Amino acid sequence: MPYSDARTYGRVARRRIQVGASPGADADRAGNAARLQDLTAPFVAHLDMTQHGADCDGLLEWTEPVTAWRSTAMPVLGAHVLHGAIQAPFEVRPSSVPLEVGYTLPSRTFAHLLTDGAVARWPYEDDEIHLLVDLERAGLHMGMRPLPTDVEPLRVL
């Protein structure tokens, strides 16, 4: 399956975390750090104030299990259109993941999913952080329960 279809077919679980504001310019690191101070528990964001060309803009961590949602790929049909797919919960253990703020190349997000198994994205013009967890790569480490039967964990030879 192409990786671009991963969210559609349930390989990637997502948790939306309300920030209440969208990020400012990349150079406004102090302002962005201030916006991230009031995340709801158990989430805490640590923005790297000196980041210049680092692997990420900071870290998002949480100190107790949280629920992310994955697509079951079972469509929800309306009277005239396809509305989406039924979502299933996936409990994620306390952890920390790379945080990307503002604009980032899709390849950077993809690289985090490949190497870290998860990434937190807070894009421009969005008042939410999107925590993405690749269940095949990180699900065994981050999941509170066994993986769903349709998710095959990545095997390293």
Side-chain angles (χ1 to χ4, degrees), residues 1-73 76 83-144 147 151 153-154:
M1 157 187 3
Y3 204 87
S4 61
D5 293 336
R7 172 108 171 92
T8 305
Y9 293 105
R11 258 183 69 176
V12 175
R14 180 178 71 161
R15 167 73 184 240
R16 296 163 56 175
I17 304 156
Q18 196 62 241
V19 177
S22 60
D26 198 40
D28 184 18
R29 302 198 72 71
N32 285 335
R35 290 176 188 93
L36 292 169
Q37 290 303 306
D38 294 325
L39 294 180
T40 57
F43 295 100
V44 178
H46 304 282
L47 202 60
D48 182 348
M49 301 306 285
T50 61
Q51 184 270 350
H52 292 289
D55 285 342
C56 61
D57 293 318
L59 293 174
L60 177 74
E61 67 178 38
W62 55 100
T63 55
E64 59 189 58
V66 297
T67 302
W69 295 88
R70 62 182 287 275
S71 172
T72 63
V76 176
H83 288 288
I86 296 172
Q87 302 289 306
F90 182 80
E91 281 190 87
V92 182
R93 296 178 198 273
S95 191
S96 66
V97 300
L99 172 63
E100 293 289 349
V101 178
Y103 177 78
T104 189
L105 292 169
S107 59
R108 183 77 227 143
T109 301
F110 180 67
H112 283 304
L113 290 171
L114 286 177
T115 59
D116 302 301
V119 64
R121 285 283 296 116
W122 185 30
Y124 287 130
E125 300 181 22
D126 197 337
D127 64 355
E128 295 177 326
I129 294 172
H130 301 268
L131 170 61
L132 306 173
V133 178
D134 182 330
L135 299 183
E136 290 183 355
R137 294 188 183 278
L140 289 175
H141 309 292
M142 296 179 83
M144 295 291 293
L147 288 175
V151 174
L154 181 70

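This is a predicted model, so every value here is computed, not measured. Computed from heavy atoms alone, side chains included, the values below leave out hydrogens, waters and symmetry copies.
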Spatial distance of atom CZ (Arg14) from atom CZ (Arg70) [nearest 0.5 Å]: 14.5 Å

Close side-chain approach of Pro94 and Pro42, heavy atoms under 4.5 Å: no

Show the nearest heavy-atom pair for residues Met142 and Val133, with the distance to one decimal. SD-CG1, 4.0 Å

Checking Asp116 side chain against Ala118 main chain: does a donor-acceptor pair fall under 3.5 Å? no

Reported CZ-to-CG distance for the pair Arg137 and Leu114, which is rounded to 0.5 angstrom: 4.5 Å

4.5 Å side-chain heavy-atom contact, Arg15 and Phe43: yes

Taken to the nearest 0.5 Å, the spacing of Glu128 CD from Ser22 OG works out to 11.5 Å

Looking at Pro123, is its backbone amide N or carbonyl O close enough to the side chain of His130 to form a donor-acceptor pair, meaning the two atoms are under 3.5 Å apart? no

pair Leu135-Phe90: side-chain heavy atoms closer than 4.5 Å: yes

So, Arg35 and Asp28, do they make that salt bridge, N to O below 4.0 Å? yes

Any chance you could measure Arg11, atom CZ, to Leu132, atom CG, to the nearest 0.5 Å? 12.5 Å

Shortest non-hydrogen contact from Val97 toward Leu131: CG2-CD1, 3.7 Å

Scanning both residues in full, the closest heavy-atom pair of Ser96 with Glu61 reads CB-CB, 3.6 Å

Would you name the heavy atoms of Ile129 and Leu36 that are closest together and state the gap between them? CD1-CD2, 3.8 Å

Is there a side-chain contact between Pro89 and Trp69 (heavy atoms, below 4.5 Å)? yes

Please determine whether salt bridge (Lys or Arg N to Asp or Glu O under 4.0 Å) holds for the pair Asp126 and Arg16, giving the CA-CA distance in whole Å, both sets of side-chain angles, and the decisive distance to 0.1 Å. CA-CA 11 Å; Asp126 197 337; Arg16 296 163 56 175; over 6 Å; no

Does Arg93 use its side chain to pair, donor to acceptor, with the backbone of Glu64 at less than 3.5 Å? no

Looking at every heavy atom in both Glu100 and Cys56, which two are closest together, and how far apart are they? OE2-CA, 3.4 Å

Let's go through Leu39 and Leu60 carefully: what are the C-alpha distance in whole Å and the side-chain angles of both, what is the deciding distance for side chain to side chain contact (heavy atoms under 4.5 Å, CB included) to 0.1 Å, and is it a yes or a no? CA-CA 10 Å; Leu39 294 180; Leu60 177 74; 3.9 Å; yes

Side chains of Arg108 and Asp55: does their closest heavy-atom pair fall under 4.5 Å? yes

Does Asn32 reach the main-chain N or O of Gly24 with its side chain, forming a donor-acceptor pair under 3.5 Å? yes

Approximate separation, where rounding is to 0.5 Å, of Leu59 CG and Asp48 CG: 8.5 Å

Could you walk me through whether Trp122 and Thr104 pass the side chain to side chain contact (heavy atoms under 4.5 Å, CB included) test, one step at a time? CA-CA 10 Å; Trp122 185 30; Thr104 189; over 6 Å; no

Could you state the interatomic distance from CG (Asp38) to CD (Gln18), rounded to the nearest 0.5 Å? 12.0 Å

